[in-house]
Number of protein chains: 2
Amino acid sequence: MARYEHIAGELRDAIIRGDHPIGTQLPTEAELASRFNAARGTVRQAVAVLVAEGLVGTRQGARRIVLGSERSQSFAELHSFAQWARSVGHQAGGLVLDSHRRPSTPSEAVRLAITPGEEVLVVVRLRRLDGEPVLVERTVYANWIAPAVEKLDPACESVTQELYEAVGLVFAYGEHLIDAVAAGAEDARLLGVRRGSPLLRQRRTTTSQEGRPVECSDDRYRAGSVTFSIRNSTTANSLVRRAGD
Amino acid sequence: MARYEHIAGELRDAIIRGDHPIGTQLPTEAELASRFNAARGTVRQAVAVLVAEGLVGTRQGARRIVLGSERSQSFAELHSFAQWARSVGHQAGGLVLDSHRRPSTPSEAVRLAITPGEEVLVVVRLRRLDGEPVLVERTVYANWIAPAVEKLDPACESVTQELYEAVGLVFAYGEHLIDAVAAGAEDARLLGVRRGSPLLRQRRTTTSQEGRPVECSDDRYRAGSVTFSIRNSTTANSLVRRAGD
DNA sequence: GAGTGGTCTAGACCACGTG
DNA sequence: ACGTGGTCTAGACCACTCT
């Protein structure tokens with residue numbers, strides 16, 4: 001593990017443990033540098049991690065402040081329903097309801113960086129959390145990964161993990177659009193709610209390590225089952241609000 | 001402007017302009033360093049900005065890749081409805097429907113870091129976008145800022161800006177919980193939708209520069225009016241999914 | 001093996017905040 | 001005025017990717 005990661009971990013643990021309660025000041029860079037016997041730059045790199053996580057706030061000239069004490073989750077836990085469920089102590093389940101190929105629509109072609117009309121694989125999955133149905137996933141896979149997806153067990157718990165083990169595919173970047181929609185007839189039937197009741201919708205496009213788009217998906221969560229949480233600041237921010245489309 | 005900010009700006013403009021299309025490689029650090037006549041560390045700092053914005057992906061040993069070309073918005077545009085509206089070319093409106101003081105609930109006291117039962121100011125606002133009602137804000141202000149809030153014009157367009165001009169208050173950090181809920185009777189009446197129809201709910205707590213909580217709010221957007229957008233990666237991520245509460 | 005990004009150091013100077 | 005964080009430099013070495 002890199003030196004700055006170790007220091008960041010120590011500081012994060014100390015904050016979570018309550019050694020630095022919310023609202024108090026963190027030690028100075030000079031003090032941390034001598035405590036960990038590292039150069040100032042390394043300490044700054046460590047603190048930058050905590051700032052990016054939203055745990056610590058920073059302003060030039062003033063001591064750094066503790067803003068929060070919850071551990072934020074990793075990309076993997078955001079991307080993979082199963083990995084997220086495991087990390088919060090729940091059991092994920094899944095079942096493929098439909099899987100077929102068809103030509104891509106123009107908007108899918110743009111998102112997957114393929115030529116319009118090129119064939120794609122559409123998979124509809126119902127995902128459960130501790131047995132309760134909470135999520136309908138309608139995922140569109142680019143043609144080059146479709147064969148690997150079709151070979152997966154329909155009841156496969158973690159698609160992400162299986163694809164990694166099967167073909168070494170690593171998901172690395174994601175873009176997510178979040179809004180609310182009314183449940184359609186199929187959504188309502190699958191999730192056990194009334195038609196027109198509120199669902200939290202997450203449309204996402206995921207890209208491999210090499211920057212190649214792999215899939216785009218329309219995921220709909222039953223209201224009350226999942227909440228997205230974002231921390232941001234004047235200096236670190238990855239959230240955008242957009243006009244309806 | 002700092003040197004690295006200038007370099008980051010040049011690179012961002014070049015990406016947006018299409019000089020570096022999505023999926024292509026960025027120049028190497030050495031090349032950028034000589035082009036901008038800066039040290040490698042400074043170039044790295046510049047590129048780190050773009051990585052945090054989700055515009056560029058990076059892996060050790062491989063050239064950096066362009067992932068996106070949309071400018072991401074600032075904290076101010078996330079926090080302030082009026083500033084966001086202006087930045088996307090729309091006109092924001094607002095009207096205070098109710099404003100009264102009452103003792104804080106235990107959960108409000110925790111979020112605002114005050115003692116339970118201490119008085120707070122509750123303000124209900126209806127916000128419009130180009131004349132259309134799109135958002136009901138129910139905001140709870142800590143006692144120490146309440147007098148300044150009560151002095152504001154009820155039809156005030158930007159609360160954030162007015163509070164800055166009146167008392168120099170700067171909002172700097174935010175935590176946001178996003179989910180979907182059904183419209184209650186009051187929500188439905190104000191937003192002009194049916195009861196039970198889907199709303200996008202954003203619960204937020206905002207903190208001043210000094211790390212002092214200022215307000216917490218329950219904001220409900222009419223479905224279709226607003227979408228939240230997040231970019232994340234294995235190395236930079238500020239979004240968390242949480243189990244329902 | 002050559003190229004490229006990731007980590008770390010050591011020191012200098014500047015900008016801001018606080019007392 | 002002093003303490004603190006922000007910026008910048010220059011150079012070294014390592015880890016990984018690509019061909």
Side-chain angles (χ1 to χ4, degrees), chain A residues 1-11 20 23-52 55-67 168-170 172-173 207-212 233-236, chain B residues 1-11 20 23-52 55-67 168-170 172-173 207-212 233-236:
Chain A
M1 189 192 298
R3 190 119 179 193
Y4 79 92
E5 287 179 302
H6 174 252
I7 298 174
E10 295 274 320
L11 288 175
H20 303 294
T24 60
Q25 297 182 334
L26 231 49
T28 66
E29 289 180 356
E31 192 179 326
L32 292 172
S34 77
R35 184 193 304 175
F36 291 105
N37 196 29
R40 192 182 159 218
T42 308
V43 169
R44 285 181 61 77
Q45 209 175 348
V47 175
V49 171
L50 303 184
V51 171
L55 252 47
V56 167
T58 184
R59 292 183 297 156
Q60 186 172 81
R63 287 276 280 275
R64 295 198 175 88
I65 299 162
V66 178
L67 293 172
L169 177 67
V170 177
Y173 310 106
T207 304
S208 73
Q209 272 188 333
E210 296 78 22
R212 195 173 185 191
S233 74
T234 45
T235 50
Chain B
M1 189 193 298
R3 196 136 170 158
Y4 78 92
E5 287 178 303
H6 174 251
I7 298 175
E10 294 276 320
L11 288 175
H20 303 294
T24 60
Q25 296 184 335
L26 231 49
T28 65
E29 290 181 355
E31 192 180 326
L32 293 172
S34 77
R35 182 192 306 175
F36 292 105
N37 196 29
R40 189 179 160 220
T42 308
V43 169
R44 286 181 60 77
Q45 208 175 349
V47 174
V49 171
L50 303 185
V51 170
L55 251 46
V56 167
T58 184
R59 299 146 58 208
Q60 187 172 80
R63 287 277 280 274
R64 295 197 176 88
I65 300 162
V66 178
L67 293 172
L169 177 67
V170 176
Y173 309 106
T207 303
S208 73
Q209 273 189 333
E210 296 78 23
R212 195 174 187 191
S233 73
T234 46
T235 51

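A quick note: this is a predicted structure, and the numbers were derived from the prediction, not measured. Letters go in sequence order (proteins before strands), and every chain restarts at 1.
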A.B. asks: Within this structure, what is the CD1-to-P distance between B:Ile65 and D:dT17, rounded to whole angstrom?
C.D. replies: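 These atoms are roughly 12 Å apart.
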A.B. asks: Would you please confirm or rule out a distance under 4.0 Å between OP1 or OP2 of D:dT17 and any side-chain N or O of B:Arg64?
C.D. replies: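 Negative; the distance criterion is not met.
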A.B. asks: Does A:Arg3 make a side-chain N or O approach to OP1 or OP2 of C:dT7 shorter than 4.0 Å?
C.D. replies: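 So the side-chain polar atoms of A:Arg3 never come under 4.0 Å of the phosphate oxygens OP1 or OP2 of C:dT7.
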A.B. asks: Just verifying a value: how many Å separate A:His6 NE2 and A:Met1 CE, rounded to the nearest 0.5 Å?
C.D. replies: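 So the NE2 of A:His6 and the CE of A:Met1 are separated by 7.0 Å.
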A.B. asks: Reading DNA chain D from 5' onward, which residue's closest nucleotide shows up sooner: B:Ala2 or A:Glu210?
C.D. replies: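 It is B:Ala2, whose closest nucleotide lies nearer the 5' terminus.
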A.B. asks: In whole Å, what is the span from the CG atom of A:Leu32 to the C1' atom of D:dT4?
C.D. replies: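 Taking CG of A:Leu32 and C1' of D:dT4, I get 12 Å after rounding.
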A.B. asks: Provide, to the nearest angstrom, the distance between the CD atom belonging to B:Gln45 and the C1' atom belonging to C:dG5.
C.D. replies: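 After rounding, the gap between these two atoms is 16 Å.
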A.B. asks: Whole Å only: how far is the CZ atom of A:Arg63 from the C1' atom of C:dG19?
C.D. replies: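 Result: 14 Å.
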A.B. asks: With a 4.0 Å limit, can you tell me whether A:Thr42 has a side-chain N or O closer than that to the phosphate oxygens OP1/OP2 of C:dT7?
C.D. replies: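 So the side chain of A:Thr42 is outside the cut-off, no N or O lying under 4.0 Å from OP1 or OP2 of C:dT7.
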A.B. asks: Establish, with yes or no, whether the OP1 or OP2 oxygen of C:dT4 is under 4.0 angstrom from a side-chain nitrogen or oxygen of B:Gln60.
C.D. replies: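 So the side-chain polar atoms of B:Gln60 never come under 4.0 Å of the phosphate oxygens OP1 or OP2 of C:dT4.
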A.B. asks: For C:dG3 and B:Thr28 - does any side-chain N or O of the residue sit under 4.0 Å from the phosphate oxygens OP1/OP2?
C.D. replies: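 Looking at the OP1 and OP2 atoms of C:dG3, neither is under 4.0 Å from any side-chain N or O of B:Thr28.
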A.B. asks: Assess whether side-chain contact (heavy atoms from CB on, under 4.5 Å) is satisfied between A:Thr58 and A:Val47, documenting all intermediate values.
C.D. replies: CA-CA 9 Å; A:Thr58 184; A:Val47 175; 5.9 Å; no
A.B. asks: Is any side-chain heavy atom of B:His20 less than 4.5 Å from a side-chain heavy atom of B:Leu26?
C.D. replies: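 SC-SC contact between B:His20 and B:Leu26 confirmed.
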A.B. asks: Using only heavy-atom distances, decide whether a donor-acceptor pair under 3.5 angstrom links the side-chain of B:Arg59 to the base of C:dG6.
C.D. replies: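 Answer no: no donor N or O sits under 3.5 Å from an acceptor.
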A.B. asks: How would you label the contact of A:Ala38 with the nucleic acid (heavy atoms, under 4.0 Å): base, sugar-phosphate, or nothing?
C.D. replies: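 The residue A:Ala38 makes sugar-phosphate contact but no base contact.
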A.B. asks: Reckon A:Arg44 has a side-chain N or O less than 4.0 Å from the OP1 or OP2 of D:dG6?
C.D. replies: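 For D:dG6, OP1/OP2 do have a side-chain N/O of A:Arg44 under 4.0 Å.
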A.B. asks: Between the side-chain atoms of B:Arg40 and the base atoms of C:dG6, is any donor-acceptor pair under 3.5 Å?
C.D. replies: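 In this structure, the two groups form a donor-acceptor pair.
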A.B. asks: Whole Å only: how far is the CZ atom of A:Phe36 from the P atom of C:dC8?
C.D. replies: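 After rounding, the reported distance stands at 13 Å.
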A.B. asks: Identify the heavy atoms of A:Arg64 and A:Arg44 that sit nearest to each other, and give their distance.
C.D. replies: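 Closest approach of A:Arg64 to A:Arg44: NH2-NH1, 3.7 Å.
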A.B. asks: Between B:Leu26 (CG) and C:dT4 (C1'), how many Å, whole number?
C.D. replies: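 Going from CG in B:Leu26 over to C1' in C:dT4 covers 13 Å.
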A.B. asks: Between A:Ala62 and A:Tyr4, which is nearer to the 5' end of DNA chain C once each is assigned its nearest nucleotide?
C.D. replies: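 Here A:Tyr4 is the residue nearer the 5' end.
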A.B. asks: Nearest 0.5 Å, please: how far is CG in B:Leu11 from CG in B:Leu55?
C.D. replies: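 Answer rounded to 0.5 Å: 10.0 Å.
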A.B. asks: From CG of B:Asn37 over to C1' of D:dA10, roughly how many Å is that when rounded to an integer?
C.D. replies: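 Those two atoms, CG and C1', are 14 Å apart.
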A.B. asks: What is the distance, rounded to the nearest whole Å, between atom CD of B:Gln25 and atom P of C:dG3?
C.D. replies: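 From B:Gln25 CD to C:dG3 P: 15 Å.
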